[in-house]
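Numbers for residues simply follow the sequence, beginning at 1.
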Amino acid sequence: MSGEDLGANRRWWWAVYAIALAGLALRFVCSLGDLWFDEAWSAAQARDALTPIGVFTGINHDNNHHINSLWMQLVGYGAWPPLVRLLSILCSTAAILVAAKIAEPRGRITMVVTALLFAFSPMLVTMGSEARGYAGMSLAMLVAILFIDRWLAGDLAWRRPTTFALCFFLGAFSQLTMIFAAVALVGWPFFVLWKRNGFQAAVIETFRTFIVPVLVIAGVLGFVLLAGQLAGTGFRFGRYDPFDLMMYLNGTTTAIGYTIGVPWKDIWPIVLVLVLLVLAPRAGASRMALYRLAIFGFPFMLAVLHAGNVGHARYYMPALLPLLLMLGEMIGFGLEKADWRRIVAGIGLAVMLAGSLWCDDVLATDQRGDPGGPVREMMARAPEGTRMLLDRDTGEAATDVAAARRRYKLDIILGRCDPQARFLLVDRFLGEPFPQKVDRCGMHFALIAQHRMRSLSGTNWNLYERRP
């Protein structure tokens, strides 16, 4: 590469750095609100585990994302929310740079487009600004994709089983959906090598490369299950919903919509993705084995196996990251053409970025349903402390951690009456109705504050005060 080319390449990378900085700032702004249900529950679990060893052996719950829980222990219960979410913020920001590096061989325009998609995708901004393990898992998956991509391009220096094993290890202890990502990451080079060198050679090379990484991720899964058995609790789920077709369609459409910035609840996002997968080879996409396995194969496998909890959009992260990489390639390819394809690609990019920024603004404003709102309202009316009745246990962790952050003396009463309780909190997830009557224990309560979530994460709540 000539000195002029090196200078031009450096300038393009400065554009990527600027995009990553904007993504970092956006994630910080979206992290300012209090912890919502899932995060607060994780914080309470990490606190109750007492030690790092307890995180691995004492929680035994699907809400425990191990590396994130270790971070929560380190910063402390009731810490400043952006600090609690810092690990996710940094991992998600680093993912922008890794995604751009993956796209670099396909052209500078593709590199910048990919960085834009990863910086502003509402799904990645949401996962990258809350204290969960999805951002860490995403970074591990992308690093593995980078190394596999360069290896398959002919540079054997990138064929590093130890690196793949480390990605699988850290990714799985960040979030166990890394197991599904691993299937696509192993299958991708196998199919590429099969096409190039034949079936037997592909089996041998894939086995040599991935036997250790596969054993590592199997070891992680085995450890997690064994820890639950030894504790006498088994591995527990906070909620397990059997497979339901409508929940499956809702989960996949929500996942796709929030990934591309157009969160419409309809069947068309699934149709659009399937059409794009068919058109992708002729529209500049180069990693078709990965894209077919991850984007189509993973959700299809969930449907065939009738897996549970398919209504949760975040569980589809192993498919959504390759989807953004594919879209980056297709849009970059189109923008480099001097015909109608440039117009189509430009419109597609503009629609995605405009929709993404709108969704990101909603998240920044909504702050996951403002879970700290009830505590602020009670502090304004009872600054010295108070007692609060809780309608059900789903509101306990978020309220408690919000009170701990403000060092507010709040007694939370759950499952019994207390004539001294001044407030009543009723929380509901999206789609759940609020009760028509809220009188409790022979006392009348009047509504004083409420919030309805408008973003991907969060809960709805009503706060009531006792009246004579």
Side-chain angles (χ1 to χ4, degrees), residues 1 5-6 8-24 91-121 123-125 128 135 138-155 157-158 163 167 181 184-185 188-189 192 259-261 273 276-277 279-295 317-337 341-342 344-346 348-353 356:
M1 186 179 291
D5 288 337
L6 284 172
N9 193 61
R10 191 177 299 113
R11 287 191 293 273
W12 282 92
W13 267 104
W14 277 114
V16 171
Y17 296 143
I19 292 168
L21 185 61
L24 172 64
C91 286
S92 186
T93 303
I96 301 169
L97 300 175
V98 176
K101 189 67 177 176
I102 293 170
E104 185 179 22
R106 275 68 182 179
R108 294 162 179 166
I109 293 178
T110 299
M111 178 177 72
V112 171
V113 168
T114 302
L116 285 169
L117 297 182
F118 274 78
F120 301 116
S121 166
M123 176 64 77
L124 300 194
V125 172
S138 298
L139 179 59
M141 183 180 182
L142 288 170
V143 171
I145 290 174
L146 172 63
F147 277 79
I148 295 171
D149 187 60
R150 296 297 193 270
W151 160 40
L152 294 178
D155 191 343
W158 291 81
T163 299
C167 289
L185 292 172
W188 167 30
V192 172
T259 298
I260 65 176
V273 168
L276 290 174
L277 271 173
L279 298 177
R282 290 173 288 177
S286 60
R287 308 176 191 90
M288 291 312 304
L290 170 65
Y291 298 152
R292 287 165 180 153
L293 283 169
I295 301 171
M317 288 295 289
L320 304 179
L321 300 172
L323 174 61
L324 285 177
L325 289 174
M326 185 184 77
L327 291 173
E329 283 196 281
M330 296 175 72
I331 293 173
F333 176 82
L335 291 176
E336 290 177 347
K337 304 300 178 181
R341 287 172 290 186
R342 177 178 293 178
V344 173
L349 179 61
V351 169
M352 288 181 64
L353 289 179
S356 294

**Report entry** Worked check of side chain to side chain contact (heavy atoms under 4.5 Å, CB included) between Leu152 and Trp158
**Finding:** CA-CA 9 Å; Leu152 294 178; Trp158 291 81; over 6 Å; no
Could you tell me whether the side chain of [Y] reaches within less than 4.5 Å of the side chain of [X], counting heavy atoms only?
| X | Y | result |
| --- | --- | --- |
| Leu124 | Leu321 | yes |
| Leu276 | Ile295 | no |
| Leu97 | Phe118 | no |
| Arg11 | Arg108 | no |
| Phe333 | Thr110 | no |

From [atom1] ([X]) to [atom2] ([Y]), nearest 0.5 Å:
| X | Y | atom1 | atom2 | answer |
| --- | --- | --- | --- | --- |
| Leu116 | Met111 | CG | CE | 11.0 Å |
| Leu320 | Ser121 | CG | OG | 7.5 Å |
| Arg292 | Met326 | CZ | CE | 10.5 Å |
| Leu185 | Leu293 | CG | CG | 9.5 Å |
| Leu324 | Ile260 | CG | CD1 | 9.5 Å |
| Phe147 | Asp155 | CZ | CG | 10.5 Å |

Can you see which heavy atom on [X] is nearest to which on [Y], and at what distance?
| X | Y | result |
| --- | --- | --- |
| Val192 | Ala289 | CG2-CB, 4.3 Å |
| Ala135 | Gly128 | CB-CA, 4.3 Å |
| Pro318 | Ala294 | O-CB, 3.6 Å |
| Val125 | Ala119 | CG2-O, 3.5 Å |
| Ala22 | Phe120 | CB-CZ, 4.1 Å |
| Ala99 | Thr114 | O-CG2, 3.7 Å |

Query raised in the report: Do Arg150 and Lys101 pass the side chain to side chain contact (heavy atoms under 4.5 Å, CB included) test, and can you show the C-alpha distance, the side-chain angles, and the key distance before you say yes or no?
Result: CA-CA 10 Å; Arg150 296 297 193 270; Lys101 189 67 177 176; 3.8 Å; yes
**Report entry** Results of salt bridge (Lys or Arg N to Asp or Glu O under 4.0 Å) for Arg287 - residues two or more places apart only
**Finding:** Asp149, Glu329
Query raised in the report: Do Trp13 and Glu104 get their side chains close enough for a donor-acceptor pair, meaning under 3.5 Å?
Result: yes
**Report entry** Steps toward side chain to side chain contact (heavy atoms under 4.5 Å, CB included) verdict (Ile109, Ile331)
**Finding:** CA-CA 9 Å; Ile109 293 178; Ile331 293 173; over 6 Å; no
Query - Ile145 and Leu290: CA distance, side-chain angles, deciding distance, side chain to side chain contact (heavy atoms under 4.5 Å, CB included) verdict - result: CA-CA 9 Å; Ile145 290 174; Leu290 170 65; 4.1 Å; yes
Report task. Please check if the side chain of Thr259 supplies one atom and the backbone of Met123 the other of a donor-acceptor pair under 3.5 Å. Result -> no
